[in-house]
J.: 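I'd like to ask some things about the structure below.
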Amino acid sequence: MRAFGIQQFLLPPPSAITAAFVEHFDELMTVGGNTLFEAIGGLVIGGVAALVVAFATARWVTASRALLPFAIAANSVPIIAFAPIMNNWFGILNPLSKMMVVAVLVFFPIMINTLRGLTFVDQASLELMRSYAASELAIFAKVRIPNALPYIFTAVKVSATLSLIGAIVAEYFGGSRSVLGQFIITEAAFFRFANAWAAIVVASAVSIAFFLIIVAIERVAIPWHASARIAESS
Amino acid sequence: MSDAVVRLRGVDKVFGTGADKTPALQKIDLEIPKGAFVSLIGPSGCGKSTLLRLIGDLTQPSTGIVEVNGKTAHRARLDRDYGMVFQAPVLFDWRTVQGNVELPLEVSAKNGSARADRAKAMLALVELTGFERRYPWQLSGGMQQRVAIARALSIEPAILLMDEPFGALDEMTRERLNLELLRIWQQTGTTIVFVTHSIPEAVFLSTHVAVMSARPGRIIELIPVDLPQPRNDLTREDERYFGFITRVRERLRGHEMGRPGAAEVAAS
């Protein structure tokens, strides 16, 4: 970077970022942890809501008519427009305000994927269950839910990275000092770009770690799925 | 016949309504005696599968009556009198072989240990002992279809409905599974209704071959195949076996009356 003559405050050299990382290690871990907590909280809230709506929608046609338009409307709200209002509703310092932004952000991908998994079932499987005079409940438990699991995991993997983006964006609109978004804004405001970059590196690392944790859970939960099989044979 | 397991009287099946009305089956009268092995054969789209699904109460007749074991087909399904085998094995990837065979027993709320024993016995019957803990996707197509047969038999169905079960398999596997199916049929005494495209397969397996016409499907003739039991590889070289094949083929062709599709049907 020195070779290209880029000025230090625009893009600090890796050595400066590393130095900032070491110097502020404890603080970065704290702010990273706080943001991860918001991201996980939001993912849980949004994910549970999404699963409930998806199950109701798959089970009852009336529920699908009643709920789907709202879900689509909620999805079309730009999340940045939402963040200040959530701060207002749940308190600017309350992590719940950030979680709600994340929840709204992850709700739709999880809901729509789960719904697809529950309804996109091989017709022959359903006929087979009907030939055993299986109840709707048994069909749900033994066919629809296992069928939906790979779809749910795909959605949660996408949502893991989304949830960190949502949490940090929400933090830009104000909040406790010790979160990634506020840390980055403050350090950048004081031209301490090496510190800001160190925080960005932490944000990426946290995001990757979150993603990998969900991949690990997926491997354990659905070892039968094709994605795990390929890994096994290679 | 008083001991008929399946009895269809004046059954019509029409798909769609209004201008889109398509008659699929017309005036089907059929009686299947207990312990029989009946094949349904006919040109593509003649309604063989629909007829099978009518017997299994997976679809309902437009007119007419379907009785199974002296009950309505619906009642028979609720009583779990059916075992179904489709062209695709339709096994669940998330269950082991054992788990797949136990599925119908779980649905009918059989208790755990009896369930496991029954599944093991059925897997032994289809010669898959030792594969209990494997997953379906670790098995070959022929083995998967044998798991499907074990699963269908696990609830001791009064009647086994098979919809082109070996249609997707290679010729050698198909011939081997034909022999196995006959052995299972003889050991269990189950009544079997079998849909197939293959004339030799129908003749080799069946006690009766129901020859069907093109749409709307009707049963042209129910041909009793009185080749000696038990049948084996020698049956396939028996002169009378070829006689029956020719007879079924001529019935199919005769009814087609030289329509373009006739040659294909005869060749299949």
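Note on naming: letters A, B, ... go to the chains in the order of the sequence lines (proteins, then strands), and numbering restarts at 1 for each one. From a predicted model like this one, the values you see are computed outputs, not experimental measurements. Hydrogens, waters and symmetry mates play no part in the numbers below; they use all other heavy atoms, side chains included.
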J.: Does A/Ile80 have more than 12 heavy atoms from other residues, nucleotides or ligands lying within 6.0 Å of its CD1?
T.: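 Open: at most 12 neighbouring heavy atoms sit under 6.0 Å from CD1 of A/Ile80.
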J.: When you measure from the side chain of B/Arg80 to the backbone N and O of A/Tyr132, does any donor-acceptor pair fall under 3.5 Å?
T.: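 Yes.
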J.: Can you give me the closest heavy-atom contact between B/Leu78 and A/Ala133, atom names plus distance?
T.: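 Answer, listing the atom of B/Leu78 first, then A/Ala133: CA-CB, 3.8 Å.
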J.: Could you check B/Phe92 against A/Asn147 for side-chain contact (heavy atoms from CB on, under 4.5 Å), going step by step and ending with a plain yes or no?
T.: CA-CA 9 Å; B/Phe92 293 146; A/Asn147 189 68; over 6 Å; no
J.: Can you establish whether the number of heavy atoms outside A/Gln123 located under 6.0 Å from its atom CD is more than 12?
T.: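 No - once you tally the heavy atoms of other residues, nucleotides and ligands closer than 6.0 Å, there are 12 at most.
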J.: Begin with the C-alpha distance, continue with both residues' side-chain angles, and end with the deciding distance and a verdict on side-chain contact (heavy atoms from CB on, under 4.5 Å) for A/Arg130 and B/Leu58.
T.: CA-CA 7 Å; A/Arg130 274 212 287 146; B/Leu58 293 174; 4.1 Å; yes
J.: Working to the nearest 0.5 angstrom, can you tell me the gap between A/Trp224 CH2 and B/Trp94 CH2?
T.: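 Here the rounded value is 6.0 Å.
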J.: Could you go step by step and tell me if B/Phe86 and A/Glu127 meet the side-chain contact (heavy atoms from CB on, under 4.5 Å) rule?
T.: CA-CA 10 Å; B/Phe86 303 95; A/Glu127 290 216 320; 3.8 Å; yes
J.: Quick one: what part of B/Leu161 sits under 4.5 Å from any heavy atom of chain A, side chain, backbone, both or neither?
T.: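 It is neither, since no heavy atom gets under 4.5 Å.
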J.: To the nearest 0.5 Å, what is the distance between OG on A/Ser131 and CG on B/Asp81?
T.: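 One gets 11.5 Å once the value is rounded to the nearest 0.5 Å.
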J.: Identify every side-chain donor-acceptor pair in residues 89-107 of chain A under 3.5 Å, counting partners at least two apart or on other chains, and give the distances.
T.:
| from | atom 1 | to | atom 2 | distance (Å) |
| --- | --- | --- | --- | --- |
| A/Asn94 | OD1 | A/Leu96 | N | 2.9 |
| A/Asn94 | ND2 | A/Phe90 | O | 3.2 |
| A/Ser97 | OG | A/Asn87 | OD1 | 3.3 |
| A/Ser97 | OG | A/Gly91 | O | 3.2 |
| A/Ser97 | OG | A/Asn94 | O | 2.8 |
| A/Lys98 | NZ | A/Asn87 | OD1 | 3.0 |
| A/Lys98 | NZ | A/Ile92 | O | 2.9 |
| A/Lys98 | NZ | A/Gly174 | O | 3.3 |

J.: Which of residues 99-107 of chain B have a heavy atom under 4.5 Å from any heavy atom of chain A?
T.: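 Residues of residues 99-107 of chain B touching chain A at under 4.5 Å: B/Leu103, B/Pro104, B/Glu106, B/Val107.
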